[in-house]
Q: 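Please read through the structure below; I'll follow up with questions.
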Amino acid sequence: MRPVIQVSGLRKSYGRTVAVADATFEVNEGEIFGLIGPNGAGKTTTMECIEGLRKPDRGSIAVLALDPFRDVYKLQNRIGVQLQQAQLQKRIKVWEAVDLWASLYKKKSVDGDRLLDQLGLTDKRNAWFMNLSGGQKQRLFIALALINDPEVVFLDELTTGLDPQSRHAIWDLVRGIRERGKTVFLTTHLMEEAERLCDRVAIMEHGRIIDIDTPANLVLRHCPERTVVIEVSDPAAAEPFNLIPRVERVERNGSQFTIYGRGDLVTEVIHFLSENRVRVTDFRAILPNLEDVFLKLTGRSIRE
Ligand SMILES: Nc1ncnc2c1ncn2[C@@H]1O[C@H](COP(=O)(O)OP(=O)(O)O)[C@@H](O)[C@H]1O
Ligand SMILES: [Mg+2]
């Protein structure tokens, strides 16, 4: 796999505030890579250094083998950056914004109408920016980030403030970007978004990267605990539940059993139930997620 972004020992302060203390990671070609962490962790600063908008105090960054600060003009034609909302005029029409953006690049841009179609904005072609919904605005920002057919796309907190339905639609669009062979670098403080969308994530806290891996591996590594809650019609059948491999503890409440264990617990419980033909009236597996990983690694919830 070819790394398209390489960050090593990055440090960036604003006066006495150390926004990024030490960040090292690589983003591979064709993946959706997420930098995740709470507000103030240093995600945006890291992204802006990679985009060439800010000059690091220390460390090295390469994007498509270019120095983002020195080669900023060369790079501009090959990367796409999502805009912040406030940067568009209220009365610019959707197609005008697309045309304007296309004109900013020296190289030939993609077909704007096709792009609007891909992002579900054809109906809104003549609408003013101020009359778009939050989700439509975000889709327009994605369109503008893609107008120069970039190899790497940067998305900063893309779905913040959107309702769940628009959020899911945006996730599909981002997956579509990956399917067209592009690399996506995004930041989010939403663990569900990271879990559903990202191939790999780097967890950032207080300007440092704490761990990097696929969401599933991070959960496996840091939160191996698993819980199964079942209701059985014949509680006597539950007698040997604590003999199931991987089980550490069983709690009973009437006909409901809560089985605690780790690793492959869920498979083992299912196997046991079917082998012993235990009649089950309810079954629920409680699996940890990235939210739990964050809590485990930092001792605090990401929402605090
Ligand atoms: N332009 C700036 N001037 C001064 N401090 C800043 C500036 N931008 C960010 N910071 C500070 O740097 C830290 C990291 O911010 P940021 O990179 O925006 O984190 P995140 O995107 O994870 O919320 C925060 O403490 C923030 O207040
Ligand atoms: Mg930010």
Side-chain angles (χ1 to χ4, degrees), residues 5-27 32-61 63 68-69 72 79-88 134-135 137-138 140-142 144-145 152-162 166-167 170-171 174 177 183-198 200-213 215 218 289-291 293-304:
I5 299 173
Q6 291 163 293
V7 176
S8 176
L10 173 67
R11 185 183 174 89
K12 176 72 187 173
S13 310
Y14 303 106
R16 251 182 273 158
T17 307
V18 181
V20 180
D22 185 12
T24 298
F25 58 91
E26 289 191 347
V27 178
I32 301 177
F33 186 94
L35 187 57
I36 67 176
N39 286 327
K43 305 181 297 296
T44 296
T45 302
T46 303
M47 182 176 266
E48 289 177 347
C49 287
I50 299 173
E51 292 165 350
L53 298 174
R54 293 190 188 280
K55 192 169 167 38
D57 303 340
R58 220 192 284 156
S60 65
I61 303 177
V63 182
F69 206 74
V72 64
I79 67 173
V81 176
Q82 162 219 345
L83 287 171
Q84 298 297 321
Q85 198 148 323
Q87 287 170 320
L88 271 194
K137 282 179 182 162
Q138 292 296 54
L140 176 59
F141 292 138
I142 297 180
L144 298 181
V152 189
V153 184
F154 293 90
L155 308 169
D156 193 359
E157 303 273 358
L158 186 65
T159 67
T160 297
L162 296 187
S166 313
R167 189 168 281 158
I170 300 272
W171 292 346
V174 176
I177 300 175
T183 307
V184 179
F185 180 83
L186 61 84
T187 74
T188 183
H189 69 281
L190 303 169
M191 294 295 114
E192 191 199 353
E193 177 161 286
E195 204 145 17
R196 298 247 200 143
L197 195 55
C198 296
R200 291 194 309 134
V201 297
I203 301 179
M204 188 170 227
E205 200 210 11
H206 299 314
R208 286 175 200 280
I209 307 275
I210 325 178
D211 204 355
I212 306 175
D213 212 329
L218 287 171
N289 53 27
L290 274 186
E291 200 102 41
V293 171
F294 191 83
L295 186 66
K296 188 77 144 270
L297 286 176
T298 67
R300 65 198 182 104
S301 158
I302 195 152
R303 296 167 206 272
E304 275 168 24

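Just follow the structure's listing: the first ligand is 1, and inside any ligand the first atom is 1. Hydrogens, waters and symmetry mates play no part in the numbers below; they use all other heavy atoms, side chains included.
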Q: Looking only at heavy atoms, which two atoms of Val27 and Arg200 are closest? And how far apart?
A: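 Minimum heavy-atom separation between Val27 and Arg200: CA-NH2, 4.2 Å.
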Q: What protein N/O/S atoms are found closer than 2.8 Å to the Mg ion (ligand 2)?
A: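 Only Thr44 OG1 fall inside 2.8 Å of the Mg ion (ligand 2).
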Q: Any idea which heavy atoms bring Met191 and Gly37 closest together, and the distance?
A: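 For Met191 versus Gly37, the nearest heavy atoms are CE-N, 4.4 Å.
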Q: Taking 4.0 angstrom as the limit, do Arg300 and Glu205 come out as a salt bridge?
A: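 Glu205 and Arg300: salt-bridged.
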Q: Side chains of Glu193 and Thr159 only: does a donor on one sit below 3.5 Å from an acceptor on the other?
A: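 Judged by distance alone, the side chains do pair up.
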Q: Can you list every protein residue that has a heavy atom under 4.0 Å from any atom of ligand 1, sorted by chain and residue number?
A: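 If the criterion is a heavy atom under 4.0 Å, then ligand 1 touches Tyr14, Thr17, Ala19, Pro38, Asn39, Gly40, Ala41, Gly42, Lys43, Thr44, Thr45, Arg54.
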Q: Looking only at heavy atoms, what is the nearest atom pair of Glu51 and Pro68, with distance?
A: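 That would be C-CB, 4.2 Å.
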Q: Just do the side chain to side chain contact (heavy atoms under 4.5 Å, CB included) check on His206 and Thr298 with the steps written out, would you?
A: CA-CA 10 Å; His206 299 314; Thr298 67; over 6 Å; no
Q: Given side chains that start at C-beta, do those of Thr187 and Met204 come closer than 4.5 Å, heavy atoms only?
A: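 No. Closest side-chain heavy atoms not under 4.5 Å.
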Q: What closest approach, in Å, do Ile203 and Leu297 show between heavy atoms, and which atom pair accounts for it?
A: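 It is CD1-CD1, 3.9 Å.
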Q: Please give me the minimum heavy-atom distance between Arg54 and Tyr14, naming the atom from each residue.
A: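 Shortest heavy-atom contact: NE-OH, 3.2 Å.
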